[in-house]
Number of protein chains: 2
Amino acid sequence: MLHDPAQLDLMFQALADPARRQMVDRLSRGPASVSQLAEPLAMSLSAVVQHLNVLEASGLVRTEKLGRVRTCRIEPQALRAAEHWINERRLAWERRLDRLGDFLAETKDET
Amino acid sequence: MLHDPAQLDLMFQALADPARRQMVDRLSRGPASVSQLAEPLAMSLSAVVQHLNVLEASGLVRTEKLGRVRTCRIEPQALRAAEHWINERRLAWERRLDRLGDFLAETKDET
DNA sequence: ACAATAGTGAAGTAGTTACTTCAGTATCGA
DNA sequence: TCGATACTGAAGTAACTACTTCACTATTGT
């Protein structure tokens, strides 16, 4: 579920926008209402709600409405999934370099 | 340099596209030429070159031309920067949850 | 020298994205 | 109950993105 390619797609797409990353950054410091999220951003509330919907669809953020206030919070598992994708690729590359290094060291021994 | 917000922007934007992630995935298994990168993708060579340019501008991929072959390889430091951004936010959130848990445990003791 | 290979670059286009404004609906607080 | 608050939703638009095709250049193998 976490590694569903379609979900991964939505997550990276969501993180591609600076305003949305700013929102995630804000939420990493604790839950916030829509207006609180909007406050530091130079755009209309409507625009913020649209960004929020993208974040929610991607699974990176979960929201909950109580009365007239929608409270938003980060979904750390989703962040972990994106992190994991990058990490796997980087590690694959680095392991490859290590093997290459070992190989070169060995062939040097054989001189 | 690694944490330059503009560079981070380019990186996440680059990772947002599935074709580009597929290219990064391929490159994580070792260097490849443009045609090798293009081979599994259902699009023209020109389109692949355009994606490659995005990846290169983002710093995620470095390329080097020898003769008529452009060889592409992953830049693990750039991947690490993206990874790091996500990790920091997730950890901030999780530390917050821990502190909250401690607080709740303490106030429970005080009954 | 010549054909095949490997990639480059420009122009065009359909679809998407990131906004805007404006008009609306709940909910809350005095 | 009535005004202020906190969103919500639709419609429009300008800019951007992910392609395409086609014409082109440089390099390589025979």
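Each chain gets a letter, A, B and so on, in the order its sequence line appears, and its residues count up from 1.
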ask   = To the nearest angstrom, how far is B:L41 atom CG from D:dA18 atom C1'?
value = 13 Å
request  = Kindly indicate whether the side chain of A:R89, heavy atoms from C-beta on, has any atom under 4.5 Å from the side chain of B:D25.
outcome  = yes
request  = Looking at every strand, decide which applies to A:Q13 at a 4.0 Å heavy-atom threshold: base, sugar-phosphate, or nothing.
outcome  = sugar-phosphate
inquiry  = Go nucleotide by nucleotide along DNA chain C from the 5' end; which of B:T71 and A:V54 gets its closest nucleotide reached first?
reply    = B:T71
inquiry  = Run B:L15 and A:L15 through side chain to side chain contact (heavy atoms under 4.5 Å, CB included) and show every step you take.
reply    = CA-CA 9 Å; B:L15 289 173; A:L15 289 173; over 6 Å; no
query = Quick one: is D:dC19 close enough that its OP1 or OP2 comes under 4.0 Å of any side-chain N or O from B:S44?
reply = no
inquiry  = On the nucleotide C:dC19, are OP1 or OP2 found under 4.0 Å from the side-chain N or O atoms that A:H51 carries?
reply    = yes
remark   = Whether each nucleotide of nucleotides 22-30 of chain C has a protein heavy atom under 4.0 Å at its base (B), only at its sugar-phosphate (S) or at neither (-) is summarised, 5' to 3', as B----BS--
request  = Round to the nearest Å and state the distance from B:D9 atom CG to D:dT17 atom P.
outcome  = 10 Å
ask   = Over how many whole Å does the gap from A:E64 atom CD to D:dA6 atom P extend?
value = 18 Å
Spacing of B:L45 atom CG relative to D:dC19 atom P, expressed in whole Å = 14 Å
Which nucleotide in C:dT20, D:dC7, C:dC19 has an atom nearest any side-chain atom of A:S35 = D:dC7
ask   = Is A:R96 close enough and on-axis enough to A:W93, meaning under 6.0 Å and within 45°, for cation-pi?
value = yes
ask   = Within this structure, what is the CG-to-P distance between A:N53 and D:dC7, rounded to whole angstrom?
value = 13 Å
task = Starting from P on D:dT5, measure out to NZ on A:K65 and report it in whole angstrom.
result = 17 Å
Nearest-Å distance for atom pair CD/P, residues A:Q50 and D:dG9 = 11 Å
note = Per nearest nucleotide of DNA chain C, the residue lying toward the 5' end, A:A47 or B:V69, is B:V69
request  = Verify side chain to side chain contact (heavy atoms under 4.5 Å, CB included) between A:V61 and A:L52, making sure each step is shown before the conclusion.
outcome  = CA-CA 8 Å; A:V61 165; A:L52 188 54; 4.1 Å; yes
task = Please examine the side chains of A:L37 and A:H51, heavy atoms only from C-beta on, and report whether any two atoms are closer than 4.5 Å.
result = no
key: Validation row: A:M43, A:Q50 side chains within 4.5 angstrom (heavy atoms)   = no
Distance in angstrom units between B:E56 CD and C:dT8 C1', rounded = 13 Å
Residue that, paired with B:M23, satisfies side chain to side chain contact (heavy atoms under 4.5 Å, CB included) out of B:D17, B:I74, B:V48, B:V54 = B:V48
